[in-house]
Amino acid sequence: MDKLTPEEIENISNLIAEKVLKVMGAMSGERAGYNCVGLKFDCSKEYTCQKPDACEGEFTCPKTYTPAVRDISQESTSKDCNYVKYTCVKAFSCDDQYQCGLSFTCQDKFVG
Amino acid sequence: MQVSANLAADELTSLIADGLISGNGDVGQLFDSIVQTGIHRTDAARIVRSAVREINAALFPPVAKMELFLTEVCNLRCTYCFENGMDRRRSMSTEVAFRAVDLLFDYAGEREELHITFFGGEPCSQFRTIQAVTEYAEDKAAGGGKSLSFGMTSNGTLFTDEMLEFFARKKINILLSIDGMEHSHNQYRRDVGGAGSFHRVMEGMAKLKKYQPWVGARMTVMPDTAQDLYANVRGLYDAGVNHFIIGAATGVAWTEEQIAAYCDNMVKVRDWYKGGTFSDLRISELDEAPHTGTYFGCQAGRDSISVSVDGEISGCSKILALDSRELIAKLGDLESGLSGIQNRMQMVGCEALKRNCEELGVADNFQGGCFACNYEYSGDIYSPDLAAEHFRTRLASTLHQT
């Protein structure tokens, strides 16, 4: 059999992905359910970040995301979210830029 | 093999989709089945890799962090090391390491800040690979509009000035493994010949501080060194350690008395640390807020993955080390990508772990613990390590009450 063209490969790949995603119930905006199972976090509701509102972790949220309140001008800020950053409550801050470069010192959550 | 184009595509689509849905991350048999239909092996790999990437992008967070398990070789034989089951001879080729970096960028999606950790074994034994990978990854980051940071965990005994100059220039942050002062450290962190490694680590740290003034240390506390934990922290701080990550050894039995000694010593550490005004000291366990995370499980498989010496992919290095030849909860490999879709879904979603924790009444605060520790305790990464939960509860209670 001749080798497939790049277009044929792409088409077949897309069909495979579509079929897998359908089976896994991840099409049509249902995909949030796979990531949002945090104990303290209900994806069906609005979630407000805690300070300092920066984290490497990500999650899906079907409704709105409200950044942590830092000043009055940001108090009511919210935006639509899909994959958005949120604040880990275990985050901590370093004193200066040099120390903040030590990302290894926090296994999974670090705020510089 | 002569079939119509549409029929071949339908059959092929079903074959691969079914294989991915029911698979466990090991796609060898799936590739064999595809090839039997007359498809070239290279085409099969391209199709699977492309489909798998698309599926992951739709279902899961982007991958932003990668541990490169550069080698299983180590010059030390630490008694408690979670890698003691490895054969200690295999190392990652530069070609595999480059492909791993390619995969990180392929799965990074919109994430702009990526991180690579060099892990082992002792990664310094693979310095040439580190050099090549660092520069390769930097080039890719520059070309792709991403920022990149590096870290490395080392036993500190193999440093040369050439290495340290390179690590400093490339901002590869080194985390040293030091368990305490000489008596505690040498009990468990010994070389292949059985000799303690403390003085070599101290020499390594002195060299390191010339290039990286702020030195972090991972301090593993064993049951019979818990009574010296406070003295060890004070001693290592005096010796130049600036940042401590303190953790009780897992996979070993702790008596109630030993747990009490650990807790009492952590109280002393806290009182000393919080009672002073240290500009040159951080202790992670005391800086972080109480454990009330926003999701179950950990970062493993979520936005962080680990690549083995032969290019297989796990959620983290500790899970990988549970069995480096038959990966537990395998997430895929460098040829097919994160093809263990069901495994990644379980790891990211943690539904089984959450359910098991709830049934045992430890869900509220434990939040799943460490997958690898769960496996060591229960034989199942999704069944909670109740010993760790007991330990954690006692420590939290002691620190809260005193």
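Everything numeric here is computed off the predicted structure, so don't read it as measured data. A note on names: the letters A, B, ... follow the listed sequences, proteins ahead of strands, and every chain is numbered from 1.
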Please look at [X] and chain A and tell me whether the side chain, the backbone, both or neither of the residue comes under 4.5 angstrom of a heavy atom of that chain.
X: B:D18; result: side chain
X: B:S304; result: neither
X: B:T117; result: neither

Q: Over all heavy atoms of both residues, which pair between A:S13 and B:A51 is shortest? Give the atoms and the distance, please.
A: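 Closest pair (atom of A:S13, atom of B:A51, distance): O-CB, 3.6 Å.
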Measuring from atom [atom1] of [X] to atom [atom2] of [Y], what distance do you get when rounded to the nearest 0.5 angstrom?
X: A:L21; Y: B:E54; atom1: CG; atom2: CD; answer: 7.0 Å
X: A:K3; Y: B:T42; atom1: NZ; atom2: OG1; answer: 3.0 Å
X: B:R46; Y: A:I12; atom1: CZ; atom2: CD1; answer: 12.5 Å

Q) Does B:K274 NZ have over 12 foreign heavy atoms under 6.0 Å away? A)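 Yes, enclosed.
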Q | Top contributor to chain A contacts, counting heavy-atom pairs under 4.5 Å, from B:I55, B:L20, B:N242 | A | B:I55
Q.
If you count heavy-atom pairs within less than 4.5 Å of chain A, which of B:I16, B:V48, B:I47, B:I341 leads?
A.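 Top count of heavy-atom pairs under 4.5 Å with chain A: B:I47.
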**Q.** Contacting moiety of A:N14, where chain B heavy atoms sit under 4.5 Å
**A.**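 Both backbone and side chain.
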(Q) Is there a side-chain contact between A:K19 and B:S14 in this structure, where contact means two heavy atoms from C-beta onward sitting under 4.5 Å apart? (A)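 When only atoms from C-beta onward are counted, B:S14 and A:K19 do touch, with a gap below 4.5 Å.
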